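Below is one structure, written out as structure tokens; the observations come after it.
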Amino acid sequence: MPHGFQYLRGRLHAESAPLEKIAHRFGTPCYVYSRAVIEHNFKRFDQAFGRYPHMVCYAVKACSNLSILRLLARQGAGFDIVSGGELYRVLKAGGKPAQIVFSGVGKTAEEIDTALHSGILKFNVESEGELDILAQRAARLKKRARVALRVNPDVATETHPYISTGLHEHKFGVEMKVAERLYHKAASMKGIEAAGVSCHIGSQLLDFAPLLEALDRLLALALRLKEAGLPIRYLDIGGGLGVPYRSGDQRPDPAAYVKHILAKVEGAGLEVIVEPGRSIVAESGVLLTRVIYRKTNGSKHFVIVDGAMNDLIRPALYQAYHRILPIKQVNEREATITADLVGPVCETGDFLAKGRSIPVVEPGDLLAFATAGAYGSVLGSNYNARPRAAEVLVEGSRAKLIRKRETLADLIRNET
Ligand SMILES: *Cc1c(COP(=O)(O)O)cnc(C)c1O
């Protein structure tokens, strides 16, 4: 793992760029990403496959900044998209249509048409209704749509209920039993090529076991379908690999995961597709904030920072934990307080961290919230009429603005 964020001469740096300087130049709150970490994580997946036919399709929804998509496209990444908007972004960033897979439960006819015109690799279809619409649109446009049904392998995962997707009670995918019937229907449809199988069972999985169990079930399905004469070529096992948010969490190694995958698929004659999002970008980013005030209510300490739930909603939405990195390195004997770190938004749910022991900070001090590269900036909103944060990409000692902080004029641009 390259050093994305580390203390040099007592100050926190992104690669070799001091975060103090970045805050001074671009303001706070601000997302800061390390290019080396993103490239390293992508390569861990990609290189582990060696010569085995594969495609690493980065899940765009984890962090969709154009510059980040562009640097992944240059590394040879494919992309997993879930909307016409993400397709637009990927194409703008130089992603190749032949390396795009389109997932999602609610693709509209308009989005399907655009994707067919662009010539994407395949659609991961999530219902019979979608299959029917896709066949209609493809026939009308005289195109052939390569299809994988997203099946629900009914594997339980130990993750937060909001990011678990692989059980029959979730809205995603179709049941295995239903899938076999739908595949035979798909095979007979003009305009449809039953080209693969797919699944995605959840996110932030720190253990390979459920992923590999889903793979077993998916592989068995693919082999049955192949035997029945369907032109199945792609085995798409989705994303879901987790990252350590707390110190002490395990760090599942993508290369080790891929080794397990290869051991199972060797000889099956299928191209493997993975769709990692979080495991590529989470550890590449921090949310950099500045302390505005400190206050106490009774015995309770609050540190009020200029970043809020509209910038990073994960703590409020998933009870997510982000480590706090003070910009000035803490020495052992320093006094600490136990505090909630909250933002300026008018909601009790507006917190970035609760009950944390941190060094005594003063207004003006900088704090970084770690592991914020995935599902951070993309979930940003303008709630409380707060302009969205800037985004900065660091390469070595160079810091580049990759998304300007929104202005007040941006806030009302589309309103009358
Ligand atoms: C969200 C999503 C992913 C990426 O999941 P991560 O946990 O971020 O790796 C991959 N595939 C699909 C279909 C998704 O919805």
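Atoms within a ligand are numbered from 1 in the order they appear, just like the ligands themselves. Everything numeric in this text was worked out from a predicted model, so none of it was measured.
For D46 and H54, the side-chain atoms include at least one donor-acceptor pair closer than 3.5 Å.
Looking at E128 and K185, a side-chain N of the basic residue comes within less than 4.0 Å of a carboxylate O on the acidic one, giving a salt bridge.
Under the 3.5 Å distance criterion, the side-chain polar atoms of E275 are left unmatched by any main-chain donor or acceptor of F79. Remark: side-chain polar atoms of Q319 are not paired, donor with acceptor, to backbone N or O of P315 under 3.5 angstrom.
For ligand 1, the 4.0 Å heavy-atom shell contains residues A59, K61, D80, S103, R150, H200, S203, G239, G240, E275, P276, G277, R278, Y375.
Side chains of R150 and H200 form a contact here, defined as non-hydrogen atoms less than 4.5 Å apart.
Because its NZ or CZ atom is not both nearer than 6.0 Å to the ring centre of F123 and within 45° of the ring axis, K107 does not count as a cation-pi partner of that residue.
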